[in-house]
Amino acid sequence: MSTIKLQNIKKTYEDGTTVIENLNLDIKDKEFIILVGPSGCGKSTTLRMIAGLEEITDGDLYIGDRRVNDVTPKDRDIAMVFQSYALYPHMTVYKNMAFGLRNRKVPKDEIDRKVKEAAKMLDIERYLNRKPRALSGGQRQRVALGRAMVREPSVFLLDEPLSNLDAKLRTEMRGRISMLHRKLQTTFVYVTHDQTEAMTMADRIVVLKDGKVMQFDTPTELYNHPQNMFVAGFIGSPQMNFLNVKIEVIKNKYAAVSDSFKIWLPERMYDSLSLYRNKEVILGIRPDDLHAESFYIDRTSSDKIKIHIDIAEMTGSDYFLYGTAGTQKITAKVPSTHTVSDDTDCDITVDIDKIHIFDKISEKLICD
């Protein structure tokens, strides 16, 4: 069993800086978990504590049923793939991949079998006699993965492994790493700042901020049901719109009202919003859920927001409209079949089934 459990983990450096406050995570056997968050949130530190490369100040770390706080990295049955690849430049690809096995005195024929099997899976067989300097970035990353694979660890740890690659190679390597996880059937813990990697690869995602878990959930739940404004704004590109509104009850119906629009809210929200009557809240709506008026001709006019388009950014199949609704900034996404241009006004329809309401002070989700 390659489960990983972090219980009340704390990390404080000698200068008194605490980067991890009280971290609790339960990672299941064979899961693909991705840690995301802004720079300095503690994601790489967490990975390095799992690897044994950083000491734990307080708390307990388990891999399987074994507490490993004081276990050396080489005895944790883990393999780590670094951002910098960390290949030996004077060794061939074959020798780089075989290095760890040779140090463990694995028989020569077994080393040869494992190296060649891994090389075939990663499509680097023809590079086995080359040295790293003769390889592209993507090829070097596959060598680094192969070196980890041959050890057959219980846990793979990957620290921003694709950040040095160009966009096309990152897309290719995302597919290869996902395929690798399916074939190896072991636990992967992966750190990235790229939400696209997280959303497309992970079984579950840990969103971190200032060393604290903001939400630990599936990509679908994070996107559709963020539990606070930080997660709502971090997941999704462009980020979710956050609009200041006041909850008003008009003829027993709840509405979100601003200086320039009024949106009737779905009845499922009424109970949750009963304590927020005549109070200011934050209405969250993703650019994807703001549509051109003609797409929702059966909606009433109260579901529409009139925006002034400052910039209409053509992305191919879509336009991103960056503008204002009254005094508030807003971003909408419409198909490029529509004719839009800078410095014009546009009516946008709100998909009220996709609205999120957040508390203005705590920034926690009230209802969605």
Side-chain angles (χ1 to χ4, degrees), residues 207 209-210 212-310 321-334 345-368:
V207 183
K209 178 189 178 188
D210 299 330
K212 298 176 182 176
V213 177
M214 294 289 102
Q215 193 169 342
F216 183 18
D217 223 323
T218 63
T220 300
E221 283 297 304
L222 286 176
Y223 188 82
N224 292 326
H225 305 290
Q227 294 303 299
N228 51 67
M229 286 176 62
F230 179 81
V231 174
F234 191 82
I235 299 295
S237 181
Q239 78 162 40
M240 181 181 287
N241 293 292
F242 296 117
L243 304 173
N244 291 298
V245 296
K246 187 177 181 181
I247 299 300
E248 295 186 4
V249 180
I250 305 167
K251 295 182 179 178
N252 295 320
K253 292 184 178 181
Y254 281 69
V257 181
S258 82
D259 60 348
S260 62
F261 61 83
K262 177 174 66 179
I263 296 173
W264 295 112
L265 299 174
E267 288 188 17
R268 70 173 187 278
M269 293 184 170
Y270 288 8
D271 287 344
S272 299
L273 292 174
S274 60
L275 297 177
Y276 289 86
R277 291 184 178 202
N278 300 314
K279 291 184 179 180
E280 290 188 352
V281 295
I282 304 296
L283 184 150
I285 184 76
R286 295 197 182 279
D288 308 63
D289 300 321
L290 294 171
H291 306 285
E293 179 182 354
S294 59
F295 277 58
Y296 285 84
I297 55 175
D298 58 323
R299 301 276 189 177
T300 65
S301 60
S302 61
D303 294 328
K304 297 184 178 69
I305 296 177
K306 182 181 289 293
I307 68 171
H308 179 78
I309 302 168
D310 297 315
L321 309 181
Y322 301 95
T324 51
T327 59
Q328 303 190 71
K329 296 288 185 183
I330 193 164
T331 303
K333 177 183 175 183
V334 299
D345 292 329
C346 178
D347 279 333
I348 295 295
T349 302
V350 179
D351 186 343
I352 61 170
D353 292 327
K354 301 293 181 66
I355 286 174
H356 309 262
I357 305 291
F358 300 95
D359 186 285
K360 194 168 184 177
I361 297 173
S362 70
E363 298 190 350
K364 292 182 178 178
L365 180 72
I366 300 170
C367 54
D368 60 9

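The shown structure was predicted, so the numbers you read here are calculated from the model rather than taken from an experiment.
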Test log, rule side-chain contact (heavy atoms from CB on, under 4.5 Å), inputs Phe230 and Val207: CA-CA 9 Å; Phe230 179 81; Val207 183; 3.7 Å; yes
Heavy-atom donor-acceptor pair, Thr218 side chain to Glu221 backbone, under 3.5 Å: yes
Asp351 side chain near Leu290 side chain, heavy-atom distance below 4.5 Å: no
Val334 and Leu321, any side-chain heavy atoms less than 4.5 Å apart: yes
Any Ile352 side-chain heavy atom under 4.5 Å of Leu265 side chain: no
Worked check of side-chain contact (heavy atoms from CB on, under 4.5 Å) between Val350 and Lys304: CA-CA 6 Å; Val350 179; Lys304 297 184 178 69; over 6 Å; no
Ile357 vs Leu283, side-chain contact (heavy atoms from CB on, under 4.5 Å): CA-CA, chis, key distance, verdict: CA-CA 5 Å; Ile357 305 291; Leu283 184 150; 4.2 Å; yes
Non-hydrogen side-chain atoms of Ser260 and Lys306 separated by less than 4.5 Å: no
Salt bridge (charged side-chain N to carboxylate O under 4.0 Å, His left out) partners of residues 241-251, not counting sequence neighbours, each pair once: none
Asn278 vs Val249, side-chain contact (heavy atoms from CB on, under 4.5 Å): CA-CA, chis, key distance, verdict: CA-CA 8 Å; Asn278 300 314; Val249 180; over 6 Å; no
Side-chain heavy atoms of Tyr276 within contact of Ile366, under 4.5 Å: yes
Inter- and intrachain pairs under salt bridge (charged side-chain N to carboxylate O under 4.0 Å, His left out), touching residues 355-368, at least two apart: Glu280-Lys360
Lys333 and Asp288 ion-paired at < 4.0 Å: yes
Non-hydrogen side-chain atoms of Ile355 and Met269 separated by less than 4.5 Å: yes
Counterpart residues, salt bridge (charged side-chain N to carboxylate O under 4.0 Å, His left out), relative to Asp259 (two or more places apart): none
With sequence neighbours excluded, residues passing salt bridge (charged side-chain N to carboxylate O under 4.0 Å, His left out) with Lys212: none
Minimum heavy-atom distance Ser274-Tyr254, with the two atoms named: CA-OH, 3.5 Å
Spacing of CG belonging to Leu273 relative to CG belonging to Leu275, to within rounding of 0.5 Å: 9.0 Å
Gln328 side chain reached by Ser258 side chain, heavy atoms, under 4.5 Å: yes
Leu222 side, atom CG; Asp217 side, atom CG - distance, nearest 0.5 Å: 5.5 Å
For residues 237-245, run the donor-acceptor check on the side chains, cut-off 3.5 Å, and write out each pair with its distance to 0.1 Å, sequence neighbours left out.
{"from": "Asn241", "atom 1": "OD1", "to": "Thr331", "atom 2": "N", "distance (Å)": "2.7"}
{"from": "Asn241", "atom 1": "ND2", "to": "Ile285", "atom 2": "O", "distance (Å)": "3.2"}
{"from": "Asn241", "atom 1": "ND2", "to": "Thr331", "atom 2": "O", "distance (Å)": "2.7"}

Check: Lys329 and Asp310 side chains under 4.5 Å, non-hydrogen atoms: yes
Least distance between heavy atoms, Ile330 atom then Ala325 atom: CG2-N, 4.0 Å
Contact list for residues 263-278, test salt bridge (charged side-chain N to carboxylate O under 4.0 Å, His left out), sequence neighbours left out: Arg268-Asp353
Within 6.0 angstrom of Ile361 CD1, more than 12 heavy atoms from elsewhere: no
Tyr270 side, atom OH; Asn252 side, atom CG - distance, nearest 0.5 Å: 8.5 Å
Minimum-distance pair of heavy atoms, taken over all atoms of Phe358 and Pro226: CE2-O, 4.2 Å
Value rounded to 0.5 Å, distance of CD in Gln215 from NZ in Lys209: 14.0 Å
